[in-house]
Amino acid sequence: MKPNSKSDESRPLKGLADRMQKLAPYLFAELDRKKAEAQARGVDVISFTIGDPDLPTPAEIVEAGQAALADPQNHRYPAYAGSPAFKQAAASWMQRRFDVDLDPDREIVALIGTKEGIGHLPFALVNPGDVVLCPEPGYPVYAGATRLAGGEAHPLPLTAERSFLPDLEGIPKDIRKRAKALWINYPNNPTGAVAPEEFLKKAVAFAKEHDLVLCADCAYSEIGFDGYQPPSVLELPGARDVAVEFHSLSKTYNMTGWRVGFIAGQPDIVGALGTLKSNLDTGVFGAVQAAGIAAMRLWPKHLPDLNRIYQRRRDLLVAGLKQAGYSPPTPRATFYIWMPVPGGDDQAFATRLIETAGVIVTPGSGFGPSGKGYVRLCLTMDEDRLQEAVTRIEKAGVSG
Ligand SMILES: *Cc1c(COP(=O)(O)O)cnc(C)c1O
C-alpha cells in the first residue's frame, strides 16, 4: 500500500460493532466542547461541571506512592485482585469505619477506580433480556454498561417529591421478574440526596424478595456535612447475602487521577467480577495500591479539614445563589448542588448562563429525563473563584 494513498482499496475498515450505537455521547465531552468554544472567544470561563476535587492528594499518601514507585517489586505485574496488604487495608477500613467484618480474600477485590468495576459488573451478571434497575438521573455508567453487556437498563426516577429515593414498590411486576440487579447511590450524584436507613432496609428486602444483587455505589460516603456520616448498606442485617458495595478512594482522598477503589460484599459476586477482570486487565499498579493503603490508614485524619472546606464552599454558593433569586437546596453530603431552575428548561438555562456569565453548569437532563428542570453545580473550586461566579451569576440575572 502506498503511503498517503486515499483510494477505497486502502480502507480495510468494515465498520464498527453494533454495540457502539448503544453508547451515548459522553455527557462531559459535550460540555468540554462548549467550554472550549467560550474560551476561544476569550471568556474566562468558570466551570461547575465536573466532579473532580481541586485539592491535592494528602502528602502522606503521595510520599507512600513515591516510595513504592522506586520499589522494583512494583515494576512487575501486580496480583490481579489486589495485593494481600491492600485487601487487608480495605477490610480494616470497612471494620473501623462501618463496623463491618469482611474476609479480605473472598469479599474484597481491588479496582482500577470504581468506574472500572461498575462498568464491568454487568458483564458478569447480565444475559440478553435481563434487566438492571438504574437510578435516573444517575451516574451514566450504570445504564451504559448494562446496555453494552446486552442487558436492559430500567430507569428508576429520582424526584424531589420522593426525596430522590426510587419507588421500589412501583416497579412493574414483569420488570422485577427479569431484574438481575438494583443500583443505589447514596450520598447521591447528581442530586446530593442522602438515604435514610429505612430506605436501605427496604432495598435489602427488595433484593432478597426478588433474588437480585443490590449494588451500592458509595463514592461519597466520606463527604458529609453538619456532622452527617453516611452509612454502608453492608451494616444492615442480611445485606451481605445480597449486596456488593463500591468504595472509591477518588473523592475521599482527592485521588481521582490515581485510579483506585474496591468492591466489597457478597463473595460470589465479588469473585465473579474478579474472574471477569482477570480476563481483561491485570490489576491496579502496585505503587498505586501502596498509596491506597497509606490513604486508608491515614483515614480519618484529613477528613475534618476536607469536609470543613467543602461545607464552607457549600454555604457560600447556596447563600449566593439564594441572593441571586434561585432556590438551591443545602445538601448534607457530596460536593454537588442540585438546583431547580426558574422556568424549568435546564438546557436553555445552562446555555444562557455560559453566554451571559461565562459560567458553566451541567444541565440535569443530561443525567436522565427526570433531571429536567435542574442543573448540577460542583463545589470543586476555591472560595475566591466561587465568589466571582456568584457575583457574575447574580449580575447576569438569568431567569430561565
Ligand atoms: C466519581 C464517581 C465514581 C467513580 O469514581 P472512580 O473511583 O474515580 O472511578 C463512581 N460513582 C459515582 C457516583 C461518582 O460520582
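Ligands are counted one by one from 1 in listed order, and the atoms in each one are counted from 1 as well. Every value quoted in this text rests on a predicted model; they were computed, and no experiment measured them.
Between F246 and ligand 1 there is no heavy-atom distance shorter than 4.0 Å. In this structure, T256 has no heavy atom closer than 4.0 Å to ligand 1.
The distance from ligand 1 to the heavy atoms of K251 drops below 4.0 Å at these ligand atoms: 1 (C), 2 (C), 3 (C), 14 (C), 15 (O). Here is the list of ligand 1 atoms found below 4.0 Å of a heavy atom in G113: 7 (O), 9 (O). Here is the list of ligand 1 atoms found below 4.0 Å of a heavy atom in K115: 6 (P), 9 (O). In the vicinity of S250, heavy-atom distances shorter than 4.0 Å reach the ligand 1 atoms 6 (P), 7 (O), 8 (O).
Between Y186 and F199, the two ring planes are perpendicular [angle over 60°; tilted spans 30° to 60°]. Between H210 and F206, the ring planes are tilted. Angles from 30° to 60° get that label.
The shortest N/O to N/O separation between Y142 and ligand 1 does not fall below 3.5 Å.
Closest heavy-atom contact between M339 and P329: CA-CD, 4.2 Å.
Of the protein's non-hydrogen atoms, the one nearest atom 12 (C) of ligand 1 is D217 OD2, 3.3 Å. Here the protein heavy atom with the shortest distance to atom 5 (O) of ligand 1 is T114 OG1, 3.3 Å.
Other residues sharing a hydrophobic cluster with V194 under the 4.5 Å side-chain heavy-atom criterion for ILVMFWY residues are Y228.
Using a 4.5 Å heavy-atom threshold, the side chains of N189 and T334 count as separate. At least one side-chain heavy atom of D167 sits under 4.5 Å from a side-chain heavy atom of R162.
Sequence neighbours left out, the pairs with a member in residues 69-91 that pass salt bridge (Lys or Arg N to Asp or Glu O under 4.0 Å) are K87-D105.
With ring centers used as reference points, F98 lies under 6.0 Å from W93.
By the criterion of a heavy-atom distance under 4.0 Å, the side chain of R259, and not its backbone, is placed next to ligand 1. With a heavy-atom cut-off of 4.0 Å, N189 touches ligand 1 through its side chain alone. Counting heavy atoms under 4.0 Å from ligand 1, residue L111 does not touch it at all.
The option with the heavy atom closest to atom 15 (O) of ligand 1, from among Y139, W183, Y220, is Y220.
To the nearest 0.5 Å, atoms CE (M381) and CZ (F335) are separated by 12.0 Å.
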